[in-house]
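What follows is a set of notes on a single structure, which appears directly below.
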Number of protein chains: 2
Amino acid sequence: MKVKATDIAQMASASDVIFDALRAAIAKGDIAEGQTLRQDHIARMFNVSRIPVREALTRLEEQGLVSTQRYRGAVVTTLSTEEIREIFEFRALLEPEVLRFSVERISEEGLEAAKRFAHAFATETDSSHWGELNRSFHYSLYEASGRPYFLQTISAALDRVDRYLRAQLVLTDGMARARREHEGILLACIRRDAEEAAALTRQHILGACVSLIDFLDRTRAADDTPD
Amino acid sequence: MKVKATDIAQMASASDVIFDALRAAIAKGDIAEGQTLRQDHIARMFNVSRIPVREALTRLEEQGLVSTQRYRGAVVTTLSTEEIREIFEFRALLEPEVLRFSVERISEEGLEAAKRFAHAFATETDSSHWGELNRSFHYSLYEASGRPYFLQTISAALDRVDRYLRAQLVLTDGMARARREHEGILLACIRRDAEEAAALTRQHILGACVSLIDFLDRTRAADDTPD
DNA sequence: CTTCCAATTTTTGGATCCAAGTGTCAATAT
DNA sequence: ATATTGACACTTGGATCCAAAAATTGGAAG
């Protein structure tokens, strides 16, 4: 055995583990918006001191997932409707462009993988998996683009709105529409029609945005007037 | 005086100061590529312990300005030609879009400010200020876009390539061309011709990219064969 | 009952200390 | 002369400890 573990994957330090766990929890919506993350509390959860926790929180803040005020702790960021709209606008600009690159380069195996994710997404009955499968489908297509920086940026943008997106999938007709639209995107990719695939992706994102904001307007209005 | 300092700008903690200083130093190219940043060394420079230094380095890594290997310290990231090309491609997609939004919204005062930066850039003789003035000119135009997330993302991308960009301005004919191109962009903005301004910005970025990569190919080839 | 203020409790940012991993270089064996 | 090994110094990730800032509590005054 020539290849050591450290060559393939750097052994994860405590702060890496905490960072990933918190990031996933925020993306999935397991940690409520506006909730304060107490360093000591998290430290006890992971059986470590506060030092690696602080490092993880620092990274989360750099990613925009929490916002910190000096001596007042880290709070899961609440995005305004405008901020959400901007991030979707951002995705609607980047993702079609990435897909254009991918369509030119993706292999048959890559298309097969995307097809499997689309199928898994369409047939999954446990709604808690929808968000993950949705993301996997799109990423499986984007990965062939050979644009790591684009992917990383898209990923960061998606992390910020993931919990809203998941809610929109589950609590509206988002799932049914996403299923149809994925089908269309996939077929365009198989036909190697980059422009069509890009246009459909753009519509897919902007459509989800409209639906999500409509949904948020209703729920947030209801929250503000609970009487 | 009703407004306290803490209301406008959160009092900077030690790690903030260190982070900003290191980020600026890397962007300006004051810290050489590939150089290892020793926690203890930086800590002594700022008269603090290693804890806030580690926080700053963590944030720099999250921004992609340094890369860390467990127990081996933080090294200023060296970008390959391909990575640089991708980041310019990224900017060439985002910045024209942001400028489109700006042109619709920018005030006369905003245009005046941009004009002043363009003039300052064109007449500055100290080449060490060119990079900063170049950035100020573009930002003064982008700020009116009302797209904070776009701006933040562009800023992060620019931080990664800033030191290369500065070298290209100073060590090639980049400065002369940038001056002309700024003029064109500015005039298009004043005419409120969003499409023209966007197209010129895209050319401005892609042109700089070609010039920079050509420059890097020559210098790096020379570095690799120093005999 | 409400409002204000001081004392106490939390909680954070940072300093110091410790264990574990890495790099170096001289001594030894081939 | 070159490759191997092992001791030692260096550096990092993390634990523990401390001071300062914030939140909270409880009582006194209106």
Side-chain angles (χ1 to χ4, degrees), chain A residues 1-23 26 31-32 34-78, chain B residues 2-23 26 31-32 34-77:
Chain A
M1 159 106 63
K2 279 260 182 71
V3 180
K4 289 183 193 167
T6 52
D7 292 333
I8 346 180
Q10 207 171 131
M11 209 247 283
S13 55
S15 68
D16 289 335
V17 174
I18 298 169
F19 173 70
D20 286 338
L22 290 180
R23 187 165 51 81
I26 293 174
I31 304 178
Q35 184 175 336
T36 307
L37 301 174
R38 295 288 164 207
Q39 296 180 2
D40 194 46
H41 179 226
I42 300 166
R44 246 184 295 242
M45 271 174 44
F46 288 89
N47 265 326
V48 294
S49 81
R50 277 169 40 229
I51 298 287
V53 174
R54 278 174 57 185
E55 202 169 312
L57 290 175
T58 300
R59 289 168 67 182
L60 288 175
E61 186 177 12
E62 205 63 34
Q63 291 282 318
L65 296 178
V66 306
S67 49
T68 306
Q69 252 194 314
R70 197 179 165 80
Y71 289 104
R72 284 187 209 166
V75 178
V76 178
T77 309
T78 301
Chain B
K2 278 261 180 67
V3 179
K4 290 183 193 166
T6 51
D7 293 333
I8 347 178
Q10 208 173 128
M11 212 248 282
S13 54
S15 67
D16 289 334
V17 175
I18 298 169
F19 174 69
D20 285 338
L22 290 180
R23 187 164 51 82
I26 293 174
I31 305 178
Q35 183 174 337
T36 305
L37 301 174
R38 295 288 163 209
Q39 296 179 1
D40 195 45
H41 179 228
I42 299 167
R44 246 184 296 242
M45 272 174 43
F46 288 90
N47 265 325
V48 294
S49 81
R50 277 169 39 229
I51 297 287
V53 174
R54 276 174 57 184
E55 201 169 312
L57 290 176
T58 300
R59 290 168 66 183
L60 287 175
E61 186 177 12
E62 204 63 32
Q63 290 284 317
L65 295 177
V66 307
S67 48
T68 305
Q69 254 196 313
R70 198 180 165 80
Y71 290 105
R72 284 186 210 167
V75 179
V76 178
T77 310

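Hydrogens, waters and symmetry mates play no part in the numbers below; they use all other heavy atoms, side chains included. Labels below follow one simple rule: chain letters A, B, ... track the order of the sequence lines, proteins then strands, and each chain is numbered from 1. Because the structure is predicted, anything quoted here is derived from the model rather than measured.
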Under 3.5 Å, which donor-acceptor pairs link side chains of residues 40-49 of chain B to any protein atom two or more places apart or in another chain?
unit_1 : atom_1 : unit_2 : atom_2 : d
B/D40  : OD2    : B/R44  : NH2    : 2.3
B/S49  : OG     : B/I51  : N      : 3.3

Practice item. Evaluate the side-chain contact (heavy atoms from CB on, under 4.5 Å) criterion for residues A/L37 and A/I31: first the C-alpha distance (whole Å), next the side-chain angles of each, then the deciding distance (0.1 Å), finally the verdict. Key: CA-CA 9 Å; A/L37 301 174; A/I31 304 178; 3.9 Å; yes
**Study point:** Stepwise side-chain contact (heavy atoms from CB on, under 4.5 Å) check, A/Q39 with A/R54
**Key:** CA-CA 7 Å; A/Q39 296 180 2; A/R54 278 174 57 185; 3.3 Å; yes
Review point. Between A/H41 (NE2) and C/dT12 (P), how many Å, whole number?
Key: 12 Å
Please report, to 0.1 Å, the donor-acceptor pairs under 3.5 Å made by any side chain of residues 60-67 of chain B, with sequence neighbours excluded.
unit_1 : atom_1 : unit_2 : atom_2 : d
B/E61  : OE1    : B/T68  : OG1    : 3.3
B/E62  : OE1    : A/R59  : NE     : 3.0
B/E62  : OE2    : A/Q63  : NE2    : 2.8
B/Q63  : NE2    : A/E62  : OE2    : 2.8

Point to revise | Any donor-acceptor pair under 3.5 Å from B/D20 side chain to B/V17 backbone | key: no
Protein N or O to nucleotides 12-17 of chain D N or O, pairs below 3.5 Å:
unit_1 : atom_1 : unit_2 : atom_2 : d
D/dT12 : OP1    : B/Q39  : N      : 3.4
D/dG13 : OP2    : B/Q39  : NE2    : 3.0
D/dG13 : N7     : B/R50  : NH2    : 3.1
D/dG13 : O6     : B/R50  : NH2    : 3.3
D/dG14 : OP1    : A/A14  : N      : 2.6
D/dG14 : N7     : B/R54  : NH1    : 2.7
D/dA15 : OP1    : A/S49  : N      : 3.4
D/dA15 : OP2    : A/S49  : N      : 2.7
D/dA15 : OP2    : A/S49  : OG     : 2.5

